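Here is the structure we will look at, set down as structure tokens.
What you see is a predicted model, and the numbers here were worked out from it, not measured in a lab. Excluded from the calculations below are hydrogen atoms, water molecules and symmetry mates; all remaining heavy atoms, backbone and side chain alike, are included. Quick note on labels: first sequence line is chain A, next is B, and so on, each numbered from 1.
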Amino acid sequence: MNQVSVERVENDILLIRLAGRWQLRGGLAPSGAFERELQALPVVRRVAFDAQNLTHWDTSVLTLLTRVSDVARQRGISVDPDGLPPGIRQLLDLAQAVPEPVGARKEQRLPSLLERTGAGALGVVSSAKDMLAFLGNMTVTFIRLFGMKARYRASDLWLLIQQCGADALPIVTLISFLVGVILAFVGAVQLKQFGAQIYVANLVGVAMMREMGAMMTAILMAGRTGAAFAAQLGTMKVTQEIDAFATAGFSPLEFLVLPRVVALILMMPLLCLYADFVGIMGGAAIGVGMLDLSWTTYMQQTAHAVRLSDTVGGVFKSAVYGVLIALAGCLRGLQSGNSSSAVGDAATSAVVTGIVAIITACGVFAVVFYILGI
Amino acid sequence: MTALTGNGAKPHIAVRDLTMAYGSFVLMRDMTFTINHSDVFIIMGGSGSGKSTLLRHLIGLNEPAQGNIFYEAQNFTTADPGQRQQILRTVGVLFQGGALWSAMTLAENIGLLLEEYTDLKPREIRDVASLKLALVGPKGFEDYYPAQISGGMQKRAGLARAMALDPGILFFDEPSAGLDPISARRLDQLILDLRDSLGSTVVVVTHDLASIFTIGNNSIYLDADARAITASGPPKELLEHSQDPKLHSFLTRGGT
């Protein structure tokens, strides 16, 4: 156990006795007593140490000693380290060898509410500016793409198409089948009361085609692919690969962002159509298995209920969602900082931005489609 | 610009009154120096003095807060993006970790530049890539991805990529960082060989004393506290004649 005591000798010398085992695990000795003693009258002129009974020590003793000597130095009291073991003296010198640069220490104070609100508001403005600049640059990049001037590697595009197309099929199958099943269940319970079970087919068909197919796929892809884009680009920033592209004269927007956006624009509609189909199969499974409808009736009813415009509308929406997911993922990736935690933040932020953008767009579409009567 | 040097050497890069800043924080101010053709020019300084940031300015990854950078007689700082790309085609950069594009094999890394900026056929590109790899070391590793080879090898492959277009200027960011002493020495030798045989100008950012004295024939020293260039000249002369205690202690690892 660490033992420490303070004693006055010759009126103006403070003798600090250290004894026992000093270990960080055993806790630090409180330094308050010394600081009080150093300030007490009569005035202390010198601090000395007695460490004869100190059996074991580690940096716990140093923490106390640096604190004591800092306070002593501030008050112009001399510290006489002769009574300390040589090892402690050496480390103490080491700890005090480098003067702290002025202004190096971080201010440890909680900013006021007003300050935080202000900083937050300014942050919103600057991030909105960044986003607009990015969108502007991407528009220019797309114009170059249509003018056949954009440079990117075709093999990258094919790989990305595979990654965000075919590779996503299993999870899209699972989720959209279950969404179909859930919709059918919810509908069945209500419609059974009126003996109108057959309308489960309408409910599932219309809901999947108009909204759920596109939206579920989009949210799934935001989590699956949007986050991956952000993590890839973020890591490329950390490893300076993006700098290397820039100095080699390849625009990262053309080379990295463009193929990702194109891949998702191409694949999202296909995934959406597939999700619509699988969702209807999920509904049919419930209709046939639990509501005693036949396959033919169910499918006929579905075909009757769903209009072409529902399907086309859903597919169109999914393409827009694809653009939003890819842009959100790439923007956050390119904005990422230079550390592993920053890449993690970028991936998180990509998913959040992506989903917010999807839901907002979904709301806008709902209003526009209503007005247009689609 | 030629008038600025007295000894008849031709200036390749000239930096005039360059001030580097992050927002309102000024990192270095009023830097003026000239890098001549076929120099091995060392940018040295302690950690955090802004050596790598200076390199980023020289290759246009950061914008100067003030001042200008000239390549030959052309002002790089005020050039439009097209002209900048023209200038950058004469430049090769070896980044600290190699910064090889991880989605491509070594041959593709080098080939990408050749594909873009030359009219070579795929077969020829492959041959040039193999040659560049053979020149710097990782011969026979053409079809490996960067993650499959060691850090030292990645660095050499990064150098092969920097040399892909036979640039007139090669920039090295901490070439010896993360290399064992022997590999670091071999890389130093390689830098000298490339300068001698290809006549390239070489700019090296480093704090590795062994490299500084072995390869450098001109240098500047960035002082983080003074926020300015406090010394310039051939490293060996700086060691002999410098009166600045901070520079002297830097060049002697804190000795006397």
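- By the 6.0 Å contact criterion, CD on B:Glu124 is enclosed, its count of non-hydrogen atoms from other residues, nucleotides or ligands being greater than 12.
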Begin from the C-alpha positions of A:Thr247 and B:Phe95 and carry the test side-chain contact (heavy atoms from CB on, under 4.5 Å) through to its verdict. CA-CA 11 Å; A:Thr247 45; B:Phe95 289 94; 3.9 Å; yes

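- Atom CD of B:Gln148 sits in a crowded spot, with more than 12 heavy atoms from other residues, nucleotides or ligands closer than 6.0 Å.
- Closest of all the heavy-atom pairs between B:Arg56 and A:Asp243 is NH1-OD2, 2.7 Å.
- When the shell of 6.0 Å around CG of A:Leu132 is examined, it contains more than 12 heavy atoms from other residues, nucleotides or ligands.
- Proximity to chain A (any heavy atom under 4.5 Å) is shown, for B:Leu112, by both the backbone and the side chain.
- Of the atoms belonging to B:Arg89, it is side-chain heavy atoms, and not backbone ones, that fall under 4.5 Å from chain A.
- More than 12 heavy atoms of other shown residues, nucleotides or ligands fall within 6.0 angstrom of atom OH in A:Tyr274.
- Scanning both residues, A:Ala244 and B:Ala99, for their nearest heavy atoms gives CB-O, 3.8 Å.
- Using a 30° and 60° split on the angle between ring planes, B:Trp101 and A:Phe250 fall in the perpendicular class, above 60°.
- Looking at B:Leu61, only its side chain comes within 4.5 Å of chain A, counting heavy atoms on both sides.
- More than 12 heavy atoms of other residues, nucleotides or ligands lie within 6.0 Å of CG in B:Asp80, so this atom counts as buried by the packing criterion.
- Both the backbone and the side chain of B:Gln96 come within less than 4.5 Å of a heavy atom of chain A.
- Pairing each heavy atom of A:Arg153 with each of B:Met104, the nearest pair is NH2-CG, 3.6 Å.
- With a 4.5 Å cut-off on non-hydrogen atoms, A:Thr239 touches chain B through its backbone but not through its side chain.
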